[in-house]
Amino acid sequence: MTARSPSLLDALLPIGVLVVLLSLSVYLFGDGSSSGPNQIALMSAAFVAGLVGLKNGLRWSEIEEGILAGIHMAMKANLILLAVGALIGTWILAGTVPTMIWFGLKLISAEYFYVTSCLICALTALSIGSSWTVAGTLGIGLMGVAAGLGLDPAITAGAIISGAYFGDKLSPLSDTTNLAPAAAGADLFAHIRNMLRTTVPALLIALAIFFTLGQQASAEHDTGRISEVLAALEAQFRLGWHLLLPVAFLLLLAVRQWAAFPAVFLAALVGALFAIAFQPDVMARLADPSAGALAPLKTVWNALFAGYESASGNAELDGLLSKGGMASMLTTVWLIICAMCFGGVLERLGLLQRLLQSALRLVRSDSGLVASTITTTIGTNVITADQYIALVLPGRMYRAEYEARDLPPTSLSRALEDGGTLTSVLVPWNTCGAYMAATLGVATLSYLPYCFFNLIMPVLAIALAYLLPPRRTAAALQ
């Protein structure tokens with residue numbers, strides 16, 4: 001029996017079910033929706049999509065192939081998440097994260113903290129081409145500094161993400177910056193030059209907002225609170241510049257284009273060695289006497305899988321440093337697996353392609369084509385939970401239309417990045433959104449309103465498409 005092509009109703013049914021269930025999840029469970037309820041919603045919607053496939057004549061084994069393919073795509077992200085959990089645990093134990101917080105509290109003033117955080121992350125991500133690495137290193141330290149300064153963690157996370165994604169988007173070392181022009185048939189550096197027209201103005205607007213928020217926050221600045229946190233850090237750890245070497249080591253591996261998982265896990269092991277070498281008091285306090293000579297090994301091993309448990313007596317600092325370990329990432333891994341089950345089924349059944357075909361029929365002008373591309377990538381991020389699919393699938397589907405209209409491939413590649421790369425982090429069940437929430441310790445929907453760069457970018461790109469249609473934009477670049 002030959003499988004039938006899906007109808008538009010077939011394509012919309014599982015998506016409608018997902019929207020309803022996710023809305024109920026957020027309504028009933030609030031901030032805890034990503035700790036299990038969203039997973040049930042995604043699996044239920046995947047089940048409905050599977051029923052649509054069976055109705056259209058597919059065998060369960062074929063549908064299962066789509067599920068497994070989706071999960072396979074997510075395994076890279078899951079491995080990185082587990083490695084980051086291990087890294088956080090050993091870097092706290094080694095005094096690396098406490099040192100980052102200590103220096104940050106001494107060097108960065110509250111009124112300039114948000115804008116400074118955004119710029120630091122932007123420059124670092126531009127250098128190494130990885131928003132995830134920036135969040136997993138500098139981002140962790142900056143979140144700690146924000147807590148010490150008494151600043152809003154959601155705004156801080158938004159500043160970190162805005163800067164990290166700006167640098168990632170423009171770096172020739174970034175995987176998405178290379179993937180978008182490859183999908184569109186554009187030259188890499190022509191693609192980067194073309195993105196400057198929308199990316200730089202969006203960052204400048206975001207920086208202005210972060211500066212304004214920082215000026216408002218400085219009025220509530222509590223210097224006594226900072227002194228208490230500094231004293232508690234100094235009492236619990238031996239601090240010093242040398243403890244920042246694990247951070248420099250990981251950034252060096254990123255610059256040398258090591259794969260993320262081995263680089264992060266190796267940096268976690270370096271953190272374990274630093275803990276043994278430079279934190280004898282902490283190691284002695286946490287040692288299990290029954291382990292004998294192997295007590296140091298057991299302590300760092302525990303930090304790798306269970307994280308660090310702070311007992312400084314300062315409630316604020318204990319809440320800040322009691323985190324990490326691979327186990328802390330398991331709920332996020334669960335969320336990503338469920339999300340990719342749903343996305344994998346939709347792609348295998350051809351439901352996404354059916355939706356894209358319908359979207360193309362509604363396009364009339366060149367400007368409308370760019371706007372449709374951006375909105376499609378955003379929708380694909382929501383539906384498939386993966387930014388790579390959000391770049392490749394619309395790129396493949398829209399490329400022929402751009403060529404038929406004689407539009408430069410850089411118009412397509414920029415639209416893919418403006419929508420696909422930047423909005424992935426705003427979706428709680430997307431691999432990027434789940435990663436940032438788990439790494440920075442702030443729920444996706446909490447930091448979303450403050451990711452000003454990521455929010456402004458698609459709106460600015462669509463507005464520019466109508467103010468300067470693609471052909472005129474291309475001519476201006478020549």
Side-chain angles (χ1 to χ4, degrees), residues 22 33-34 38 73-74 76-78 80-81 84 114 117-118 121-122 124-126 128-140 142-143 153-171 174-177 179-180 195 198-199 202-203 206 209-210 260 329 332-333 335-336 339-340 343 374-375 377-391 416-461:
L22 287 175
S33 60
S34 291
N38 285 349
M73 288 186 64
K76 177 181 176 181
N78 286 336
I80 296 171
L81 270 169
V84 168
Y114 297 138
S117 297
C118 185
C121 291
T124 307
L126 185 62
I128 67 175
S130 173
S131 57
W132 283 31
T133 302
V134 169
T137 52
L138 300 179
I140 296 169
L142 290 169
M143 291 300 299
I155 300 177
T156 303
I160 293 167
I161 291 168
S162 292
Y165 271 78
F166 168 84
D168 189 316
K169 188 173 188 281
L170 290 181
S171 174
S174 168
D175 49 3
T176 55
T177 307
L179 184 59
M195 287 197 297
T198 52
T199 306
L203 179 68
I209 297 173
F210 286 127
M329 297 296 183
T332 304
V333 169
L335 176 64
I336 291 173
M340 295 309 293
I374 294 171
T375 54
T377 58
I378 296 172
T380 308
N381 262 324
V382 174
I383 295 168
T384 67
D386 186 81
Q387 69 171 344
Y388 299 114
I389 298 178
L391 294 175
L416 294 174
E417 287 245 62
D418 289 344
T421 299
L422 294 182
T423 60
S424 59
V425 74
L426 306 179
V427 182
W429 52 89
N430 189 286
T431 52
C432 296
Y435 174 87
M436 291 297 172
T439 301
L440 300 178
V442 180
T444 308
L445 295 181
S446 295
Y447 69 62
L448 185 154
Y450 305 106
C451 293
F452 298 116
F453 173 72
N454 304 67
L455 292 169
I456 292 168
M457 189 70 256
V459 177
L460 185 62

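Reckoned from all heavy atoms, side chains included, excluding hydrogens, waters and symmetry mates.
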Validation row: [X], [Y] side chains within 4.5 angstrom (heavy atoms):
| X | Y | answer |
| --- | --- | --- |
| K169 | D418 | yes |
| M340 | I389 | yes |
| L448 | L455 | yes |
| Y447 | L440 | no |
| T332 | Y435 | no |
| W132 | C432 | yes |
| T124 | T137 | no |
| I160 | L138 | no |

Q: Go through the steps for L142 and C121 under the test side chain to side chain contact (heavy atoms under 4.5 Å, CB included), then give the verdict.
A: CA-CA 10 Å; L142 290 169; C121 291; 3.8 Å; yes
Between [X] and [Y], what is the shortest heavy-atom contact and its length?
| X | Y | answer |
| --- | --- | --- |
| S117 | A159 | CB-CB, 4.4 Å |
| A180 | L416 | O-CD1, 3.9 Å |
| P153 | V442 | O-CG2, 3.8 Å |
| N381 | A390 | OD1-CB, 3.5 Å |
| D168 | T177 | O-OG1, 2.9 Å |
| V382 | W429 | O-NE1, 2.7 Å |

Q: Look at the rings of Y114 and F210 and say which category their plane angle falls in: under 30° parallel, 30 to 60° tilted, over 60° perpendicular.
A: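 Taking F210 first and then Y114, their aromatic rings sit tilted (interplane angle of 30° to 60°).
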[Y] backbone acceptor or donor facing [X] side chain under 3.5 Å:
| X | Y | answer |
| --- | --- | --- |
| T444 | G433 | yes |
| N430 | V425 | no |
| T198 | M195 | yes |
| S171 | G167 | no |

Give, for atom [atom1] of [X] and atom [atom2] of [Y], the distance between the pair rounded to the nearest 0.5 Å.
| X | Y | atom1 | atom2 | answer |
| --- | --- | --- | --- | --- |
| L179 | S174 | CG | OG | 9.0 Å |
| N78 | M329 | CG | CE | 11.0 Å |
| L422 | Q387 | CG | CD | 9.0 Å |
| Y165 | T199 | OH | OG1 | 14.5 Å |
| S162 | L203 | OG | CG | 8.0 Å |
| I378 | S424 | CD1 | OG | 11.0 Å |

Q. For M73, which of I336, T431, D386 qualifies under side-chain contact (heavy atoms from CB on, under 4.5 Å)?
A.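 Among I336, T431, D386, the one that satisfies the side-chain contact (heavy atoms from CB on, under 4.5 Å) with M73 is D386.
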